[in-house]
Amino acid sequence: MRVLVTGGAGFIGAHVVTALAGAGHEPVVLDVLLPAAHPGPPDLPDAELLRADVCDAQAVRSALRGVDAVCHQAAMVGLGKDFADAPAYVGCNDLGTAVLLAQMADAGVGRLVLAGSMVVYGEGRYECGRDGVQRPGPRAVGDLEAGRFEPCCPVCGAELAPGLVAEDAPADPRNVYATTKLAQEHLAAAWARCVGGRAVSLRYHNVYGPGMPRDTPYAGVASFFRSALARGEAPRVFEDGAQRRDFVHVRDVASANAVALEAVGGRPAGSFAAYNTGSGEPHTIGEMASALAAAHGGPEPVVTGEFRLGDVRHITADSGRLRRELGWLPRVGFAEGMAEFARSRQRASSGVSPEA
């Protein structure tokens with residue numbers, strides 16, 4: 001298949017392009033190559049590159065000629081700096097997705113794999129020993145300032161035990177980025193129903209690996225820690241470091257896109273499905289920082305007690321549905337992946353030169 005990969009010059013997108021080419025497909029990259037994300041020429045595999053904004057309807061229409069399917073990776077990611085970033089997030093993530101889907105409808109392209117995110121859930125799954133499964137509300141500033149980081153049962157006030165969140169958990173986005181990612185899924189589902197298309201959203205968990213951007217406020221926590229180590233500084237771990245996450249290697253995420261792209265064609269017309277995409281091995285942020293520092297040979301992490309109000313405490317995936325229905329399996333284990341990431345080159349961001 002000829003596959004348009006939006007954001008295909010980015011961290012995850014470039015790995016998706018490689019995976020698709022390796023599976024025998026013909027990837028075509030559509031990327032605006034913003035200077036903040038790409039201060040130099042992108043390091044891409046052998047693929048056609050179209051430099052254009054996904055919000056540019058005419059450019060998207062042209063890019064879709066002869067295309068059989070779309071992997072939509074283009075997005076503004078992370079928590080950002082403050083709420084002033086909201087228009088940029090909505091404009092890139094939601095308007096861009098709407099323009100893409102409208103042009104796909106016009107061009108008759110009926111397969112879509114969307115880069116979704118676990119952030120749509122907000123907090124993960126929790127259980128109270130007395131009151132069963134509970135959904136805690138937003139964490140209070142006063143609790144966080146006092147170092148009370150664990151969510152408590154809204155019924156009895158006891159500390160909740162975290163578990164794995166499945167795709168049928170209610171959506172509860174806790175920040176602007178999360179809200180835009182949920183809106184992307186709603187747009188994709190509406191497009192599928194309206195035009196008889198077939199869409200899959202892969203809800204990525206904490207993706208890391210070679211080519212992650214360096215020194216940017218929009219990257220994930222693994223990138224923050226790796227960037228600090230590259231500067232010879234200790235990773236700064238927020239809260240108490242016991243936040244649970246699922247760190248999934250970027251090559252595994254790329255292979256999930258290739259698998260989903262082929263599987264989505266066999267789904268019923270008008271359908272939309274979401275799949276958690278994680279390693280299945282929960283680890284704390286403190287464990288990740290320590291593993292990365294040890295493999296890099298850098299300073300030990302420092303636990304600061306700082307917090308970001310938009311962060312959630314625990315979110316780990318039940319990715320069983322993706323394994324059962326599509327046959328996907330992650331290949332890169334935590335220790336192996338962190339050791340590779342500690343030694344790998346990071347992608348330059350605005351004003352920062354790539355490592356040698």
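We count residues from 1, following the sequence as given. Here the structure is a predicted model, which is why all the values come from computation and not from measurement.
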Honestly curious: do [X] and [Y] fall in one hydrophobic cluster under the side-chain, below-4.5 Å linking rule?
X	Y	result
Val207	Trp328	yes
Val77	Val119	yes
Leu100	Ile12	no
Phe307	Phe83	no
Val16	Met1	yes

Could you tell me if the side chain of [Y] sits less than 4.5 Å from the side chain of [X], heavy atoms only?
X	Y	value
Ile285	Val221	yes
Phe11	Pro213	yes
Asp318	Glu167	no
Val70	Val3	no
Cys55	Cys92	no
Ser279	Asp252	no

| task | Might you work through the side-chain contact (heavy atoms from CB on, under 4.5 Å) test for Gln346 and Ser227, ending with a clear yes or no? | result | CA-CA 8 Å; Gln346 285 181 274; Ser227 296; 3.3 Å; yes
So the salt bridge (charged side-chain N to carboxylate O under 4.0 Å, His left out) pairs with at least one residue in residues 194-208 (sequence neighbours excluded) are Glu185-Arg203
Residue pairs passing the ring-ring contact (aromatic ring centres under 6.0 Å, His included) test with at least one member in residues 239-260, sequence neighbours excluded, are Tyr208-His249
Residue pairs meeting ring-ring contact (aromatic ring centres under 6.0 Å, His included), one or both in residues 93-118, sequence neighbours left out, come to none
In Arg139, Gln243, His314, the residue satisfying side chain to side chain donor-acceptor pair (under 3.5 Å) with Glu150 is His314
Sorted by chain and residue number, the salt bridge (charged side-chain N to carboxylate O under 4.0 Å, His left out) partners of Arg251 (sequence neighbours excluded) come out as Glu340
Those residues at least two apart in sequence (or on a different chain) that pass salt bridge (charged side-chain N to carboxylate O under 4.0 Å, His left out) with Asp240 are Arg313
What one should report as the nearest heavy-atom pair of Ala171 and Leu182 is CB-CD2, 3.7 Å
Nearest heavy-atom contact between Ala74 and Gly7 is CB-N, 3.6 Å
query: Under 6.0 Å from the CD atom of Gln58, do we count more than 12 heavy atoms belonging to anything else shown?
result: no
| request: Ignoring hydrogens and angles, state whether a donor on the side chain of Thr97 or Gln184 is under 3.5 Å from an acceptor on the partner side chain. | output: yes
Quiz item: Judged by modelled atom types alone, do Tyr204 and Asn257 share a side-chain donor-acceptor pair under 3.5 Å?
Solution: yes
Approximate separation, where rounding is to 0.5 Å, of [X] [atom1] and [Y] [atom2]:
X	Y	atom1	atom2	answer
Leu322	Leu329	CG	CG	9.0 Å
Ser117	His205	OG	NE2	7.5 Å
Leu30	Leu49	CG	CG	8.5 Å
Arg245	Met288	CZ	CE	9.5 Å

ring-ring contact (aromatic ring centres under 6.0 Å, His included) filter on His25, not counting sequence neighbours, yields none
Taken in chain and number order and not counting sequence neighbours, the residues that satisfy ring-ring contact (aromatic ring centres under 6.0 Å, His included) with Phe149 are none
**Message:** Apply side-chain contact (heavy atoms from CB on, under 4.5 Å) to residues Val54 and His72 and explain how you reach the verdict.
**Reply:** CA-CA 10 Å; Val54 74; His72 184 30; 4.3 Å; yes
Please table the atom pairs, donor to acceptor, closer than 3.5 Å between any side-chain atom in residues 101-113 and protein atoms at least two apart or in another chain.
unit_1 : atom_1 : unit_2 : atom_2 : d
Gln103 : OE1    : Arg61  : NE     : 3.0
Arg111 : NH1    : Leu261 : O      : 3.2

Would you be so kind as to tabulate the donor-acceptor pairs closer than 3.5 Å made by side chains of residues 129-137, with sequence neighbours excluded?
unit_1 : atom_1 : unit_2 : atom_2 : d
Gln134 : NE2    : Asp131 : O      : 2.9
Arg135 : NH2    : Tyr121 : O      : 3.3

Sorted by chain and residue number, the side-chain contact (heavy atoms from CB on, under 4.5 Å) partners of Ser319 (sequence neighbours excluded) come out as Asn276, Ala317, Arg323
For Glu233, the side-chain hydrogen bond (donor to acceptor under 3.5 Å, both in side chains) test, sequence neighbours excluded, returns Arg231
Contacts of Ser290 meeting side-chain hydrogen bond (donor to acceptor under 3.5 Å, both in side chains) (sequence neighbours excluded), chain-then-number -> none
Where do Glu48 and Arg2 land on the salt bridge (charged side-chain N to carboxylate O under 4.0 Å, His left out) test, with the steps shown first? CA-CA 11 Å; Glu48 182 181 352; Arg2 184 173 169 88; 3.0 Å; yes
